[in-house]
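I'd like to ask some things about the structure below.
These numbers come from the heavy atoms of this one structure, side chains and all, not from hydrogens, waters or symmetry mates. No experiment lies behind these values; they were computed from the predicted model shown. Ligands are counted one by one from 1 in listed order, and the atoms in each one are counted from 1 as well.
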Amino acid sequence: MALPITASGFSWTHADRDQPAVGPLNLQIAAGEKVLLLGASGAGKSTILHAVAGVLPEESGEATGELLVGGEKPDPRRGSTGLVLQDPDSQVIFSRIGDDVAFGMENLGLPAETIEAQTLKSLRALGLDLPPDHPSAALSGGQKQRLALAGIHAMAPEVIVLDEPTANIDPASATEVRDAVLTVQADTAATVLVVEHRVELWIDHVDRVIVLGGEGIVAQGPPAQIFSDPDLTDVLIDCGIWMPRHSPTPRRGGSDGIGRTSGRLGEVLLRTDGLSVARPRMATPAATDLELSLCAGQALGIVGANGAGKSTTALTLAGLLPEFSGQVLAEAALREGAKRARPFAWPSKQLAARIGMVFQEPAHQFLTSSVAAELELGPRLAGWSATESQARVDELLEGLGLTGLAHAHPQSLSGGEKRRLSVAAMLAPRPRVLVVDEPTFGQDALTWAGLVEMFLDALEHGSAVVAVSHDHAFLEAIGADLLELGDRSRLVRIGTSDSDSRVRAGDRSE
Ligand SMILES: Nc1ncnc2c1ncn2[C@@H]1O[C@H](COP(=O)(O)OP(=O)(O)OP(=O)(O)O)[C@@H](O)[C@H]1O
Ligand SMILES: [Mg+2]
């Protein structure tokens with residue numbers, strides 16, 4: 001049975017913040033309704049989902065008003081609400097997939113035979129035709145999200161809340177995950193509340209769109225109505241909503257929304273020689289035969305399906321993993337005083353000054369206790385004067401919409417805010433080579449454009465950028481050449497005159 005969700009004057013203020021993360025909010029979602037919740041990064045979307053799932057600890061902040069699920073205060077122990085998060089890895093608990101699906105039912109104390117039968121049924125319903133003892137670690141990101149959904153399916157949920165369930169997976173698998181959500185909804189008739197920045201994936205499949213602004217709901221209605229109402233267009237754009245079939249324009253970029261289509265390339269900074277890459281302790285390489293040279297002012301996008309070795313290649317180019325075979329070599333312009341040619345052989349201080357790296361998971365990277373300190377760290381270590389550092393910090397805070405959060409703790413930021421901070425902290429001291437893994441995930445259209453500008457600025461200053469990304473609009477905006485990893489690694493150049501490659505790069509249909 002599905003449950004309705006109602007909020008009246010509900011607001012939530014985190015203990016260490018002056019402003020409410022969300023609200024006051026008035027909301028009525030009917031039992032069985034499918035709702036897409038939109039809003040800028042930091043608007044409070046995740047906070048609402050956590051409140052509905054009953055996982056906002058009372059002592060961690062202050063609530064006003066009321067939020068009820070099925071007329072009662074949300075309580076995660078009742079097992080009626082399923083929660084799916086962004087990061088596929090964080091949701092897989094057990095080493096065998098069957099145990100993951102069975103976990104929730106075991107907590108409810110169901111009999112063993114029921115659990116066994118339902119586990120098989122739910123795995124199959126989510127398109128995971130695999131034996132229950134199949135290793136969870138062998139699943140792709142999209143399959144892991146479907147496994148999380150199988151666990152929820154098995155519990156016959158009354159409400160399902162999903163926080164950017166497709167943000168970290170490749171576009172082809174994103175469609176499968178969305179369809180899996182729809183399958184669970186069809187089988188259980190549950191109320192569905194999903195947050196996702198990229199609206200196109202969902203608008204044909206939800207009953208209602210709710211747009212969250214700075215002060216509560218700014219628009220709501222059926223998707224067709226919301227996105228065709230000319231009076232709403234400006235409101236939605238101001239909230240950073242990704243309008244269907246419309247790309248935001250970075251300020252430095254061209255009027256057609258494409259930021260940079262040609263650029264003067266400088267000296268070679270980094271090149272590879274017969275490079276193969278592998279994860280530590282793996283006997284077989286993840287990608288082979290990589291012949292690249294990376295010049296000042298050049299952007300290189302590494303693309304390909306999950307598991308194609310993109311992150312491994314990025315880490316190896318960044319000098320953080322040893323080559324499996326062949327070499328990564330820094331040319332004189334990048335070496336500048338470093339004795340050895342291989343970045344992997346450099347002491348960490350030499351490496352950090354020359355090659356900046358942003359990992360896939362932002363939270364692993366924070367070293368200080370405030371946003372401003374995090375941004376200031378790199379310039380300070382690089383020996384910038386206090387005035388120069390301060391100017392750089394202010395520029396980055398402003399450009400990425402983090403000014404109001406300068407004193408906030410990095411770990412207390414929203415998902416999209418954390419991602420922007422991790423990218424900005426790496427950009428701050430202007431390293432010559434920037435290696436970034438999914439730099440744009442979790443961004444609204446405005447913060448996305450801010451990030452694009454930061455990268456264009458770095459390229460103009462003669463840095464080279466290597467970006468692992470599923471976001472083809474981003475790669476196109478920074479004028480990236482593409483290295484497509486797969487069966488056979490290929491280097492594809494995006495050029496203004498080559499319409500074929502433009503189409504490839506411009507295709508960001510989810
Ligand atoms: N644990 C926390 N402690 C303090 N403040 C927090 C915490 N979590 C989130 N916030 C703040 O609350 C506000 C809303 O955060 P929330 O995570 O709900 O935003 P969001 O809409 O989900 O953003 P995003 O799209 O970036 O994920 C933000 O200003 C954020 O910095
Ligand atoms: Mg969020």
Legend entry - the Mg ion (ligand 2) reached by Ser414 (N, O or S, under 2.8 Å):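 Of the N, O and S atoms in Ser414, none lies under 2.8 Å from the Mg ion (ligand 2), which means no.
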Inset, instruction - State whether the number of non-hydrogen atoms from other residues, nucleotides or ligands found under 6.0 Å of Glu388 atom CD is greater than 12. - result: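 Atom CD in Glu388 is crowded, with more than 12 foreign heavy atoms closer than 6.0 Å.
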Inset, instruction - Spell out, as yes or no, whether a donor-acceptor pair under 3.5 Å connects the side chain of Lys45 to the backbone of Gly39. - result: yes
Legend entry - From Val35, Val69, Leu85, Leu83, residue fulfilling side-chain contact (heavy atoms from CB on, under 4.5 Å) relative to Val161: Leu83
One line per pair, note the atom names and distance for all nitrogen or oxygen contacts under 3.5 Å between ligand 1 and the protein.
{"unit_1": "ligand 1", "atom_1": "5 (N)", "unit_2": "Ser412", "atom_2": "O", "d": "3.4"}
{"unit_1": "ligand 1", "atom_1": "8 (N)", "unit_2": "His14", "atom_2": "NE2", "d": "3.4"}
{"unit_1": "ligand 1", "atom_1": "8 (N)", "unit_2": "Ser412", "atom_2": "O", "d": "3.3"}
{"unit_1": "ligand 1", "atom_1": "10 (N)", "unit_2": "Ser412", "atom_2": "O", "d": "3.2"}
{"unit_1": "ligand 1", "atom_1": "18 (O)", "unit_2": "Ser46", "atom_2": "N", "d": "3.4"}
{"unit_1": "ligand 1", "atom_1": "18 (O)", "unit_2": "Thr47", "atom_2": "N", "d": "2.9"}
{"unit_1": "ligand 1", "atom_1": "18 (O)", "unit_2": "Thr47", "atom_2": "OG1", "d": "2.5"}
{"unit_1": "ligand 1", "atom_1": "19 (O)", "unit_2": "Gly44", "atom_2": "N", "d": "3.3"}
{"unit_1": "ligand 1", "atom_1": "21 (O)", "unit_2": "Ala43", "atom_2": "N", "d": "3.2"}
{"unit_1": "ligand 1", "atom_1": "21 (O)", "unit_2": "Gly44", "atom_2": "N", "d": "2.9"}
{"unit_1": "ligand 1", "atom_1": "21 (O)", "unit_2": "Lys45", "atom_2": "N", "d": "2.8"}
{"unit_1": "ligand 1", "atom_1": "21 (O)", "unit_2": "Lys45", "atom_2": "NZ", "d": "2.8"}
{"unit_1": "ligand 1", "atom_1": "22 (O)", "unit_2": "Ser46", "atom_2": "N", "d": "2.9"}
{"unit_1": "ligand 1", "atom_1": "22 (O)", "unit_2": "Ser46", "atom_2": "OG", "d": "2.8"}
{"unit_1": "ligand 1", "atom_1": "23 (O)", "unit_2": "Gly42", "atom_2": "N", "d": "2.7"}
{"unit_1": "ligand 1", "atom_1": "23 (O)", "unit_2": "Ser414", "atom_2": "OG", "d": "3.3"}
{"unit_1": "ligand 1", "atom_1": "25 (O)", "unit_2": "Lys45", "atom_2": "NZ", "d": "2.8"}
{"unit_1": "ligand 1", "atom_1": "25 (O)", "unit_2": "His197", "atom_2": "NE2", "d": "3.0"}
{"unit_1": "ligand 1", "atom_1": "26 (O)", "unit_2": "Ser41", "atom_2": "OG", "d": "2.6"}
{"unit_1": "ligand 1", "atom_1": "26 (O)", "unit_2": "Ser414", "atom_2": "OG", "d": "2.7"}
{"unit_1": "ligand 1", "atom_1": "26 (O)", "unit_2": "Gly416", "atom_2": "N", "d": "2.8"}
{"unit_1": "ligand 1", "atom_1": "29 (O)", "unit_2": "Arg17", "atom_2": "NH1", "d": "3.4"}
{"unit_1": "ligand 1", "atom_1": "31 (O)", "unit_2": "Arg17", "atom_2": "NH1", "d": "2.8"}
{"unit_1": "ligand 1", "atom_1": "31 (O)", "unit_2": "Arg17", "atom_2": "NH2", "d": "3.3"}
{"unit_1": "ligand 1", "atom_1": "31 (O)", "unit_2": "Glu417", "atom_2": "OE1", "d": "2.7"}

Inset, instruction - Check for a donor-acceptor pair, side chain of Trp242 on one end and backbone N or O of Gln443 on the other, with a separation under 3.5 Å. - result: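 Side chain of Trp242 to backbone of Gln443, a donor-acceptor pair under 3.5 Å: yes, one is there.
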Legend entry - Qualifying residues under side chain to side chain donor-acceptor pair (under 3.5 Å), relative to Thr312, sequence neighbours excluded: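 Expected list: Arg279.
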Legend entry - Main-chain N/O of Gly9 paired with Asn26 side-chain donor or acceptor, under 3.5 Å: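 Here the side-chain-to-backbone pair exists.
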